[in-house]
Enquirer: 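One structure is given below, represented as structure tokens, and several questions about it will come after.
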Number of protein chains: 2
Amino acid sequence: MTTNKNSITKLSETDIPAFQQIKDHILDEIQKGVWKEGDAIPSEAALAKQFSVSRMTVNRAVRELSSEQFLTRIQGSGTFVAQQKYQATLVEIKSIAEEVRARGHVHSSELHLLERGKPTLQLHQQFRTDPGIILFHSVIVHFENQIPIQVEDRWVNSQLAPAYLQQNFSTITPNEYLMSAAPLQEVRYRIEAVTAPARIADMLEISHNLPCLVLHRVTISGGQVASIATMWHPGNRYQFAGQF
Amino acid sequence: MTTNKNSITKLSETDIPAFQQIKDHILDEIQKGVWKEGDAIPSEAALAKQFSVSRMTVNRAVRELSSEQFLTRIQGSGTFVAQQKYQATLVEIKSIAEEVRARGHVHSSELHLLERGKPTLQLHQQFRTDPGIILFHSVIVHFENQIPIQVEDRWVNSQLAPAYLQQNFSTITPNEYLMSAAPLQEVRYRIEAVTAPARIADMLEISHNLPCLVLHRVTISGGQVASIATMWHPGNRYQFAGQF
DNA sequence: GAGTGGTCTAGACCACAAT
DNA sequence: TTGTGGTCTAGACCACTCC
């Protein structure tokens with residue numbers, strides 16, 4: 001459907017809202033390459049006339065597309081097709097229990113350690129806490145259908161989650177508990193591939209020296225480091241995957 | 001500022017738009033714990049009265065907060081404070097050249113292969129193409145300050161990027177070229193840790209059997225698979241990292 | 001039936017950009 | 001000065017939920 005400058009485009013008579021049909025139309029023109037990156041698209045007034053709707057309806061369509069980063073608006077100047085920003089791949093890493101259940105499999109876990117930890121000075125530096133502060137330490141192995149897929153080695157700031165040791169980690173994951181105890185503010189992460197140390201390999205029930213996918217995750221709440229976690233996954237049976 | 005049920009709240013006379021002030025007010029109530037997860041917040045009509053604005057203005061505030069996942073709306077029922085969201089870690093993987101340059105280092109690359117490929121049947125299945133279709137194949141090693149950090153093994157659908165073989169990949173990365181040739185629609189990815197095959201280890205200049213961080217990435221454009229790439233990184237000197 | 005959100009209108013006034 | 005987007009209004013009709 002090519003539309004001449006001043007022609008009128010009929011909206012379909014389905015119960016799809018007008019603003020949504022206009023959004024779809026604009027996305028379609030971009031997708032087809034009719035409107036390319038940087039091009040100006042018709043003004044709100046022009047689109048309102050074209051679709052025989054009020055300007056507010058067009059405004060909503062265009063405003064939403066611009067908040068979704070498909071369009072860029074400049075007051076007084078016009079609306080333009082945004083630059084394809086995607087130079088990056090966004091990877092979403094879900095909590096392990098949630099992920100396993102989403103696959104329709106059974107998640108279970110085994111608590112290997114839950115105690116007031118004996119942190120190194122280096123760890124205190126990472127937490128930015130004084131050596132006097134108590135840090136809790138837990139080690140949990142997560143299973144998918146009885147097969148170990150993650151060793152979660154976690155340190156927790158006792159000031160932000162004082163009841164950490166009292167949790168029942170067979171019914172709630174540390175992640176879930178921490179989310180409720182200390183609202184998340186910032187996350188730093190790192191993903192690497194390393195050879196499994198013997199201690200980890202044993203817990204994952206894989207042969208020593210097999211590659212592991214490791215996620216380091218530091219969560220910050222209210223300006224303080226809430227938790228530092230290292231999650232080890234057997235390279236031969238676990239990977240981060242997804243789409244968008 | 002605690003507001004009684006029927007009291008009128010004055011909007012400040014700055015030039016901050018009314019809908020934004022209402023958004024801020026609602027977020028504030030949630031932040032302070034006045035409205036907790038699952039609680040109903042006042043109806044649009046009530047908020048309109050409270051702030052002495054039209055319902056459409058309140059509607060915009062509440063609609064945006066709901067698209068930002070702070071609120072949940074149920075038609076006929078009400079508006080509720082959403083459940084805390086982040087169970088997930090979002091990881092952003094930038095294009096390799098961009099990433100290296102962002103670190104202030106020098107990116108360079110070495111073209112090992114660029115040809116009309118000889119795809120296996122399995123590869124054609126992944127592309128969802130007939131065996132008659134031409135698939136291009138390239139292998140490029142990327143360096144950071146002369147040290148190899150990525151082997152990019154890529155297959156490209158010739159129908160979507162017919163000029164692939166004519167590109168000068170010392171000045172543009174395949175990723176960058178493909179972005180301009182075929183507007184991106186969908187991406188699927190997979191990250192895993194594997195032992196480097198000899199061929200890859202040699203290109204990365206690491207000893208055989210060292211763990212590698214591997215990113216598989218399938219990009220889809222206009223309903224067709226545009227490109228399938230496998231990116232190998234030496235586990236001992238490369239990791240995905242970031243924050244948000 | 002009363003209350004809720006979902007959408008839409010036909011105006012209006014403003015700030016800003018291009019000319 | 002004209003055209004653009006940014007915001008807002010005071011209504012309206014509808015679909016849906018809850019009682």
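The chains referred to below are lettered A, B, ... by the order of the sequence lines, with proteins before strands, and numbering in each begins at 1. As a basis for the values below, the full set of heavy atoms in this structure was taken, side chains included, without hydrogen atoms, waters or symmetry mates.
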Enquirer: Rounded to the Å, how far apart are B/Leu71 CG and C/dT4 C1'?
Expert: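 My rounded result for the distance is 15 Å.
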Enquirer: Measure the distance from CD1 on A/Ile22 to P on C/dT7 and round it to the nearest whole Å.
Expert: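 Going from CD1 in A/Ile22 over to P in C/dT7 covers 13 Å.
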Enquirer: Can you figure out which of C/dC8, D/dG5, C/dT7 approaches the side chain of A/Ala18 most closely?
Expert: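 Side chain of A/Ala18 sits closest to C/dC8.
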Enquirer: Quick check on DNA chain C: between B/Ala45 and A/Val58, whose nearest nucleotide comes earlier from the 5' end?
Expert: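 Counting from the 5' end, the first nearest nucleotide belongs to B/Ala45.
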Enquirer: So, is A/Arg60 close to the C/dT7 phosphate, meaning a side-chain N or O under 4.0 Å from OP1 or OP2?
Expert: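 Yes, such a contact exists.
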Enquirer: In whole angstrom, what separates A/Asn59's CG from D/dC8's C1'?
Expert: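 After rounding, the reported distance stands at 11 Å.
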Enquirer: Hey, does the side chain of B/Ser43 come within less than 4.0 Å of C/dG3's phosphate (OP1/OP2), counting only N and O?
Expert: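 B/Ser43 to C/dG3 OP1/OP2: no side-chain N or O under 4.0 Å.
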Enquirer: For B/Ser66, check side-chain contact (heavy atoms from CB on, under 4.5 Å) against everything at least two apart and list the hits.
Expert: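 Partners of B/Ser66 under the side-chain contact (heavy atoms from CB on, under 4.5 Å) test: B/Leu71, B/Arg73.
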Enquirer: From CZ of B/Phe51 over to P of D/dC8, roughly how many Å is that when rounded to an integer?
Expert: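 That distance rounds to 13 Å.
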Enquirer: Taking only residues two or more places apart in sequence or in another chain, which ones pass side chain to side chain donor-acceptor pair (under 3.5 Å) with B/Glu152?
Expert: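 Partners of B/Glu152 by the side chain to side chain donor-acceptor pair (under 3.5 Å) criterion, ordered by chain and then number, come out as B/His142, B/Arg154.
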Enquirer: Answer yes or no: is there a side-chain heavy-atom contact under 4.5 Å between B/Phe169 and B/Tyr164?
Expert: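 Yes - at least one pair of side-chain heavy atoms lies under 4.5 Å apart.
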Enquirer: At under 4.0 Å between heavy atoms, how does the protein contact nucleotides 10-16 of chain D? Give one character per nucleotide, 5' to 3', with B, S or -.
Expert: BBB--BB
Enquirer: Separation of A/Lys23 atom NZ from C/dG6 atom P, in whole Å?
Expert: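 Checked: the NZ to P distance equals 14 Å.
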Enquirer: Check every atom of C/dT7, C/dG5, D/dG5 against the side chain of A/Glu44 and return the nucleotide holding the closest atom.
Expert: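 Between C/dT7, C/dG5, D/dG5, the one nearest the side chain of A/Glu44 would be D/dG5.
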Enquirer: Taking salt bridge (Lys or Arg N to Asp or Glu O under 4.0 Å) as the definition, give me every residue that meets it alongside A/Arg237, ordered by chain and number, with sequence neighbours left out.
Expert: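 Expected list: none.
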Enquirer: Let me know the distance between NZ of B/Lys49 and C1' of C/dT4, rounded to the nearest Å.
Expert: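 Atom-to-atom, B/Lys49 to C/dT4, this comes out as 16 Å.
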Enquirer: Applying side chain to side chain donor-acceptor pair (under 3.5 Å), can you list everything that pairs with B/Asp130, at least two apart in sequence or on another chain?
Expert: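 Partners of B/Asp130 under the side chain to side chain donor-acceptor pair (under 3.5 Å) test: none.
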Enquirer: Over how many whole Å does the gap from B/Phe19 atom CZ to D/dG5 atom C1' extend?
Expert: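 Distance, rounded to whole Å: 13 Å.
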Enquirer: Checking B/Ala163 now: which residues fulfil side-chain contact (heavy atoms from CB on, under 4.5 Å) with it, not counting sequence neighbours?
Expert: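 B/Gln166, B/Gln167, B/Tyr177.
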Enquirer: Got a donor-acceptor contact below 3.5 angstrom from the A/Ser77 side chain to the A/Ile74 backbone?
Expert: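 A pair under 3.5 Å: no.
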Enquirer: Between P on C/dT4 and CG on B/Leu47, what's the gap in Å once rounded to a whole number?
Expert: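 So the two atoms are 11 Å apart, to the nearest Å.
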